[in-house]
S.K.: 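Below you will find the structure I want to go over with you.
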Amino acid sequence: MRIIDVPAVEKEAYNPDRPISGLIQMQLIHLSTAEQTLLPGQRTGINISTLHSEGQAAEYIQKVTAMLHKAGKAKKKATKKKSGGKSGKVSTLGRTSKPNKAAKKPAAKSGKGRKTAKARK
């Protein structure tokens, strides 16, 4: 396996009081949109337009990410519980349905209405 050297981060690189950049602002917008998919009682209630520093943004990102992960795990568990049965399509008669081969066969080309290369000249 190839090893990639990653340089150490300088202590001055993270400044929680630094104003947020456009990139962080876009991340906040995307996370806020994702947060709106949660139930109202599960949301943070934080208005992202009030976040002005990297430290504030980092706290919000951490909170929302944790909530989204928790909601995703709960949804995944609920989906697994629902789908516990035999696979395959079941008809209204309770038998497993088989695909209709005639329905999948493409229609034959008639060739009517098309002029051949010789006829066009």
Side-chain angles (χ1 to χ4, degrees):
M1 180 178 281
R2 183 176 173 203
I3 297 174
I4 301 172
D5 291 326
V6 179
V9 179
E10 302 161 1
K11 289 183 180 180
E12 305 87 35
Y14 176 70
N15 180 358
D17 298 322
R18 181 175 28 220
I20 59 174
S21 65
L23 177 63
I24 294 174
Q25 183 65 38
M26 289 307 297
Q27 288 177 328
L28 294 176
I29 291 170
H30 288 293
L31 279 172
S32 177
T33 303
E35 182 184 9
Q36 300 309 310
T37 64
L38 298 172
L39 296 174
Q42 296 175 333
R43 299 178 191 162
T44 61
I46 296 173
N47 183 352
I48 61 169
S49 64
T50 63
L51 306 176
H52 300 290
S53 69
E54 286 185 3
Q56 293 170 330
E59 287 177 25
Y60 174 76
I61 290 168
Q62 186 178 18
K63 287 179 185 178
V64 175
T65 302
M67 291 175 161
L68 291 172
H69 280 276
K70 191 185 307 181
K73 286 180 183 178
K75 187 175 182 179
K76 193 173 183 179
K77 285 182 182 179
T79 305
K80 282 185 178 180
K81 287 181 182 178
K82 284 183 181 179
S83 66
K86 294 181 181 180
S87 62
K89 295 180 181 178
V90 179
S91 70
T92 55
L93 300 175
R95 296 183 307 226
T96 304
S97 62
K98 294 182 181 178
N100 185 355
K101 290 184 181 180
K104 288 187 176 183
K105 191 173 182 180
K109 294 181 182 177
S110 66
K112 292 181 182 177
R114 297 192 80 187
K115 295 181 181 179
T116 62
K118 290 181 181 178
R120 283 184 267 171
K121 289 182 182 179

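It should be emphasised that the depicted structure is a prediction, and the values quoted were computed from it without experimental measurement.
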S.K.: How long is the gap from OG1 on Thr37 to CE on Met67, to the nearest 0.5 Å?
M.R.: 11.5 Å
S.K.: Sequence neighbours left out, what passes salt bridge (charged side-chain N to carboxylate O under 4.0 Å, His left out) with Glu54? Give chain and number order.
M.R.: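 Partners of Glu54 by the salt bridge (charged side-chain N to carboxylate O under 4.0 Å, His left out) criterion, ordered by chain and then number, come out as Arg18.
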S.K.: Rounded to the nearest 0.5 Å, what separates atom CD1 in Ile24 from atom CD in Gln56?
M.R.: 11.5 Å
S.K.: Apart from Val9 itself, what residues make up its hydrophobic cluster, given side-chain heavy atom links below 4.5 Å?
M.R.: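 Traced through the cluster, Val9 reaches no other member.
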S.K.: Please report the shortest heavy-atom distance between His52 and Thr50, naming the atom on each side.
M.R.: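 Here His52 and Thr50 meet closest at CD2-O, 3.2 Å.
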S.K.: Taking side chain to side chain donor-acceptor pair (under 3.5 Å) as the test, write out the residues that go with Glu10, two or more places apart.
M.R.: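 Residues passing side chain to side chain donor-acceptor pair (under 3.5 Å) with Glu10: none at all.
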S.K.: Check for a donor-acceptor pair, side chain of Ser32 on one end and backbone N or O of Leu28 on the other, with a separation under 3.5 Å.
M.R.: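 Absent.
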S.K.: Can you pull out every side chain to side chain donor-acceptor pair (under 3.5 Å) where at least one residue sits in residues 59-68? Sequence neighbours excluded, please.
M.R.: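 Sorted result for residues 59-68: Glu35-Tyr60.
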S.K.: Test of understanding: with side chain to side chain donor-acceptor pair (under 3.5 Å), list the residues that count as partners of Ser49, not counting sequence neighbours.
M.R.: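 For Ser49 the side chain to side chain donor-acceptor pair (under 3.5 Å) partners, ignoring immediate neighbours, are Asn47.
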S.K.: Side-chain contact, heavy-atom cut-off 4.5 Å: Leu31 with Ile48?
M.R.: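 Leu31 vs Ile48: side chains apart.
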S.K.: Which heavy atom in Gln25 sits nearest to a heavy atom in Ile20, and how many Å separate them?
M.R.: OE1-CD1, 3.0 Å
S.K.: Does Asp17 have any side chain to side chain donor-acceptor pair (under 3.5 Å) partners at least two apart in sequence or in another chain, and if so, which?
M.R.: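 Counting only residues at least two positions away or on another chain, Asp17 forms no side chain to side chain donor-acceptor pair (under 3.5 Å).
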